Undergrad: 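Okay, here's the structure, questions in a sec.
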Amino acid sequence: MNKDLESKIDEILERGVSEVIDKDNLKKKLLSGKKLKVKFGMDPTSPNLHIGRAVLLLKLKDFQDLGHQIILLVGNATGVIGDTSDKDSERPMLSDEVVKKNMKAYVEQAGKILNTEKIKVVYNADWLNELGYQDIGKHAECFSLHEFISRENIKKRLDEGKRVSLREVLYPLMQGYDSVKLEADVELGGNDQRFNLLAGRTLQEKFGQSPQDVLMMNIISGTDGKKMSSSWGNTINILDEPHDMFGKVMSIPDTLIKEYMLHCTRISKNEIEELMNLENPRDAKIKLAEEIVKIYHGEKAAKKAKEYFVSTFSKKKIPEDVRVVPSKAPEILIVDYMLEAGVAESKSDARRKVEQGGVSIDGKKITDTNKILDKSFSGKVIKVGKKDFVKIVFKD
RNA sequence: GGGUGGAUGGCAGAGUGGCCUAAUGCACCUGACUGUAAAUCAGGCGUCUUCGGACUUCGGCGGUUCAAAUCCGUCUCCACCCA
């Protein structure tokens, strides 16, 4: 029993983890049987989670499964500042209403992994807005400007002559003070959060608490191999439809298969090894895609997505349940219809696609940009590019 | 407070009176090859088009000129140096 627990803990401290501070201490805490306060922060601006973020959620789930208390910290005060670790933008002030709405959306999405009923939600504006210059000054005294600007991303921005706002300096102070208020035992974050996470330790010590342990997760790569980030548009989103999600996983480079298995699923390590030894990496990838879809949409949907993928792309059949877009007029130019159906950005784009041979109806390539669609095309499927299918319907 | 430089397409970044819808790279789209992978190759990448063209774009506004991304004025924003 105890051995079982220990190996579980070891996996928690390793799988997908880039660094733990202080690892031995955290392991001791986890073995002690004490219910730990596990803090993790969310930025209330973007509720569209991707599976890179889910790496964190899966880890939280592991903690939750061991009976620890997850505390979701909504950064309604920090969000205004804009975190330096992440993007280089400063963010607009959000109304309480919007914050609440975003939080709800977040929890809903996180609920695909976590048991949200057991999560405690707190808002950092509740205490951060109380602080005055004296307090902030006292906190700020714990850090030097040198530490701040020698962070890689700040340094880079400075070197490139980009603007670094003075108020960004405040961000780690705030995040650190959050830990003090929550008396957090552990904080989770991406490894790009290192500085902010460590600020919590410093401040907690200043306030006479024992410093939280910090668990940093790897940032996974996106579908194009670069860091997965909303601003790159290379994400696989938790809310993606099963077909789409499956397809996106299939489009990742082979070299990422293992990384995804390790971080985005809980396939056991032994099984991963087996899968990696398969002759055709595609098969491992299919398993991976199925597993990921399963987490967010359930087993049934995952199976269906797999079948869809195999028949549509491997066997090049037209999928069964395509999007149906009725035509508004009894007769319509194909380019106009493409625009209406959202498979082209503009008429020019639609024409280009036709001219380049990317459009077909029921398998027959269309080359005439002036092609007119009428009732005789009702029920036929238009294919644009590799993955866009639309069924056209004419109303009588 | 003083000085200098700068703002160009999704991003980076050339261009400093007509040859500029604006080089190049990245991203993106289509096709070929495939495993909807990667890599590679070919084409494309403002809008509209009767495919002849037409119209719109280089931080905002105003001006000079036959002609402005390019010159002048002004405003907004940014960086750097000095204090």
Side-chain angles (χ1 to χ4, degrees), chain A residues 82 87-90 92 149 154-168 220-236 240-261 275-276 278-290 292-293 305-319 322 333-336 338-361 363-372 382-389:
Chain A
K87 283 155 217 160
D88 53 358
S89 57
E90 293 169 16
I149 60 172
I154 296 287
K155 200 165 175 289
K156 195 170 157 230
R157 274 164 63 195
L158 287 171
D159 288 348
E160 282 169 359
K162 291 214 174 113
R163 182 180 149 88
V164 177
S165 155
L166 198 54
R167 72 178 194 175
E168 290 178 54
I220 62 163
S221 309
T223 48
D224 55 359
K226 282 195 286 192
K227 257 189 198 176
M228 186 178 281
S229 155
S230 319
S231 37
W232 291 115
N234 60 359
T235 59
I236 299 173
D240 281 342
E241 292 303 314
H243 293 349
D244 216 24
M245 190 181 272
F246 198 101
K248 279 190 189 172
V249 176
M250 289 308 287
S251 76
I252 64 169
D254 285 357
T255 47
L256 294 179
I257 296 176
K258 193 170 178 184
E259 178 182 329
Y260 271 49
M261 285 191 179
L275 287 166
M276 293 314 292
L278 289 177
E279 225 171 276
N280 192 341
R282 182 197 52 187
D283 297 329
K285 214 193 262 180
I286 283 179
K287 171 73 181 164
L288 170 70
E290 198 180 352
I292 287 177
V293 175
K306 178 181 163 186
E307 278 160 20
Y308 174 92
F309 178 85
V310 171
S311 69
T312 308
F313 298 110
S314 300
K315 296 181 189 160
K316 296 206 167 147
K317 277 189 201 155
I318 292 172
V322 284
L333 274 169
I334 187 160
V335 287
D336 286 325
M338 285 168 70
L339 193 60
E340 254 176 54
V343 291
E345 278 173 37
S346 65
K347 275 198 196 184
S348 299
D349 185 42
R351 268 190 215 102
R352 252 174 250 136
K353 284 179 164 131
V354 172
E355 277 163 13
Q356 291 174 146
V359 179
S360 62
I361 296 179
K364 258 181 260 164
K365 196 174 272 186
I366 306 297
T367 49
D368 180 11
T369 52
N370 292 319
K371 179 118 187 151
I372 291 169
I382 302 181
K383 181 183 178 194
V384 180
K386 279 182 208 163
K387 52 190 173 188
D388 273 342
F389 296 90

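Since this is a predicted model, take the numbers as computed values, not measurements. Naming: A, B, ... by sequence-line order, numbering from 1 per chain.
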Undergrad: NZ of Lys306(A) versus P of rU36(B): gap in Å, rounded?
TA: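 Nearest whole value for this atom pair: 14 Å.
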
Undergrad: How many Å lie between CG on Leu288(A) and P on rA37(B), as a whole number?
TA: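 Computing the Leu288(A):CG to rA37(B):P distance gives 16 Å.
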
Undergrad: Rounded to whole angstrom units, what separation is found between the CD atom of Glu355(A) and the C1' atom of rU49(B)?
TA: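 Value for this atom pair: 12 Å.
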
Undergrad: Reckon Gly385(A) touches a base, only the sugar-phosphate, or nothing at all at heavy-atom distances under 4.0 Å?
TA: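 Gly385(A): backbone/sugar contact only, no base atoms under 4.0 Å.
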
Undergrad: What is the distance, to the nearest angstrom, from the CZ atom on Arg351(A) to the P atom on rU50(B)?
TA: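 Computing the Arg351(A):CZ to rU50(B):P distance gives 6 Å.
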
Undergrad: Detail all sub-3.5 Å separations between protein N/O atoms and N/O atoms belonging to nucleotides 44-47 of chain B.
TA:
from    : atom 1 : to        : atom 2 : distance (Å)
rG44(B) : O4'    : Gln356(A) : OE1    : 3.3
rU47(B) : OP1    : Ser346(A) : OG     : 2.8
rU47(B) : OP2    : Arg352(A) : NH2    : 2.9

Undergrad: For rC20(B) and rA14(B), measure between their C1' atoms and round to the nearest Å.
TA: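 Nearest-Å result for rC20(B) against rA14(B) at atom C1': 12 Å.
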
Undergrad: If the P atom of rG62(B) is compared with that of rC48(B), how far apart are they to the nearest Å?
TA: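 The answer is 27 Å between these two P atoms.
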
Undergrad: Among residues at least two apart in sequence or on other chains, which ones pass side chain to side chain contact (heavy atoms under 4.5 Å, CB included) with Glu345(A)?
TA: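 For Glu345(A), the residues satisfying side chain to side chain contact (heavy atoms under 4.5 Å, CB included) (neighbours in sequence not counted) are Asp349(A).
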
Undergrad: Within this structure, what is the CD1-to-C1' distance between Ile252(A) and rA39(B), rounded to whole angstrom?
TA: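 Checked: the CD1 to C1' distance equals 16 Å.
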
Undergrad: Taking salt bridge (charged side-chain N to carboxylate O under 4.0 Å, His left out) as the test, write out the residues that go with Glu340(A), two or more places apart.
TA: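 Partners of Glu340(A) under the salt bridge (charged side-chain N to carboxylate O under 4.0 Å, His left out) test: none.
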
Undergrad: For atom P, what is the distance between rU21(B) and rA32(B), given to the nearest Å?
TA: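 It works out to 34 Å between them.
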
Undergrad: When rounded to the nearest Å, what value does the distance between P atoms of rG43(B) and rA68(B) take?
TA: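 It comes out at 34 Å once rounded to the nearest Å.
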
Undergrad: Report yes if a donor N or O on one partner sits less than 3.5 Å from an acceptor N or O on the other, where the partners are the side chain of Asp254(A) and the base of rG35(B); otherwise report no.
TA: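 Yes, the side chain and the base share a sub-3.5 Å donor-acceptor pair.
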
Undergrad: Grab the NZ-C1' distance between Lys248(A) and rG35(B) for me, whole Å please.
TA: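 Going from Lys248(A) (NZ) to rG35(B) (C1'), I get 20 Å.
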
Undergrad: Decide, for rG52(B), between syn and anti: a glycosidic angle within 90° of 0 counts as syn, anything else as anti.
TA: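 Syn, which is what one calls it when the glycosidic angle falls within 90° of 0.
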
Undergrad: Distance between the P atoms of rU4(B) and rC75(B), in whole angstroms?
TA: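 16 Å, rounded to whole Å.
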
Undergrad: What integer distance in Å separates Leu256(A):CG from rU36(B):C1'?
TA: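 Spelled out: CG on Leu256(A) to C1' on rU36(B) is 16 Å.
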
Undergrad: Please check: side-chain N/O of Lys383(A) versus main-chain N/O of Ser360(A), any donor-acceptor pairing under 3.5 Å?
TA: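 Side chain of Lys383(A) to backbone of Ser360(A), a donor-acceptor pair under 3.5 Å: no, none is there.
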
Undergrad: Roughly how many Å apart are rG53(B) and rA22(B), using the P atom of each and rounding to a whole number?
TA: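 My reading of the P atoms in rA22(B) and rG53(B) gives 14 Å.
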
Undergrad: Quick check: on RNA chain B, is the nucleotide nearest Leu339(A) upstream (toward 5') of the one nearest Asp244(A), or the reverse? Name the residue that is more 5'.
TA: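 The answer here is Asp244(A).
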
Undergrad: Of all residues at least two apart in sequence or in a different chain, which pass the side chain to side chain contact (heavy atoms under 4.5 Å, CB included) check with Asp336(A)?
TA: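 Per chain and number, Asp336(A) pairs via side chain to side chain contact (heavy atoms under 4.5 Å, CB included) with Ile332(A), Leu333(A), Lys347(A).
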
Undergrad: Tell me, please, which residues at least two apart from Tyr260(A) pass ring pair (Phe, Tyr, Trp, His ring centres under 6.0 Å).
TA: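 Here no residue qualifies.
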
Undergrad: Using the side-chain heavy atoms of Lys353(A), tell me which of these nucleotides is nearest: rG31(B), rC48(B), rU30(B).
TA: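 My answer, after comparing the listed nucleotides, is rU30(B).
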
Undergrad: Check side chain to side chain contact (heavy atoms under 4.5 Å, CB included) between Lys258(A) and all other residues, then give those that pass, not counting sequence neighbours.
TA: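 Applying side chain to side chain contact (heavy atoms under 4.5 Å, CB included) to Lys258(A) gives Ile272(A), Glu273(A), Met276(A).
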
Undergrad: For rC28(B) versus rA12(B), give the span between their C1' atoms, rounded off to a whole number of Å.
TA: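 Rounded to whole Å, the distance is 15 Å.
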
Undergrad: May I ask you to decide if the ring planes of His243(A) and Tyr308(A) are parallel, tilted or perpendicular, using 30° and 60° as cut-offs?
TA: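 Parallel: the ring planes of His243(A) and Tyr308(A) meet at under 30°.
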
Undergrad: When you look at NZ of Lys306(A), are more than 12 heavy atoms from neighbouring residues, nucleotides or ligands closer to it than 6.0 Å?
TA: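 Not more than 12 within 6.0 Å, no.
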
Undergrad: Could you pull out the closest heavy-atom pair between Pro281(A) and Ile257(A), with the gap in Å?
TA: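 Result for this residue pair: O-CD1, 3.7 Å.
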
Undergrad: Give RNA chain B the dot-bracket treatment, 5' to 3': Watson-Crick (N1-N3 with N6-O4 or O6-N4) or G-U (N1-O2, O6-N3) under 3.5 Å, [ ] crossing, | other strand.
TA: ((((((((.[[[..)..(.....]]].(((((.......))))).(((....)))...[[[[[..)....]]]]]))))))).

Undergrad: Given that Pro281(A) and Val384(A) both sit by RNA chain B, which one's nearest nucleotide is further toward the 5' end?
TA: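 Its nearest nucleotide lies further toward 5', so the answer is Val384(A).
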
Undergrad: Who pairs with Ser348(A) by side chain to side chain contact (heavy atoms under 4.5 Å, CB included), at least two apart in sequence or on another chain?
TA: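 Scan of Ser348(A) (side chain to side chain contact (heavy atoms under 4.5 Å, CB included), adjacent residues dropped) gives Ser346(A), Arg351(A), Arg352(A).
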
Undergrad: Mind checking what makes side-chain hydrogen bond (donor to acceptor under 3.5 Å, both in side chains) contact with Asp283(A), not counting sequence neighbours?
TA: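 With neighbours one apart ignored, the set is empty.
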
Undergrad: Return the value, rounded to whole Å, for the distance between atom CG of Asp283(A) and atom P of rA37(B).
TA: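 After rounding, the gap between these two atoms is 15 Å.
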
Undergrad: Could you measure between the two P atoms, the one in rC19(B) and the one in rC58(B), and give it in whole Å?
TA: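 My reading of the P atoms in rC19(B) and rC58(B) gives 16 Å.
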
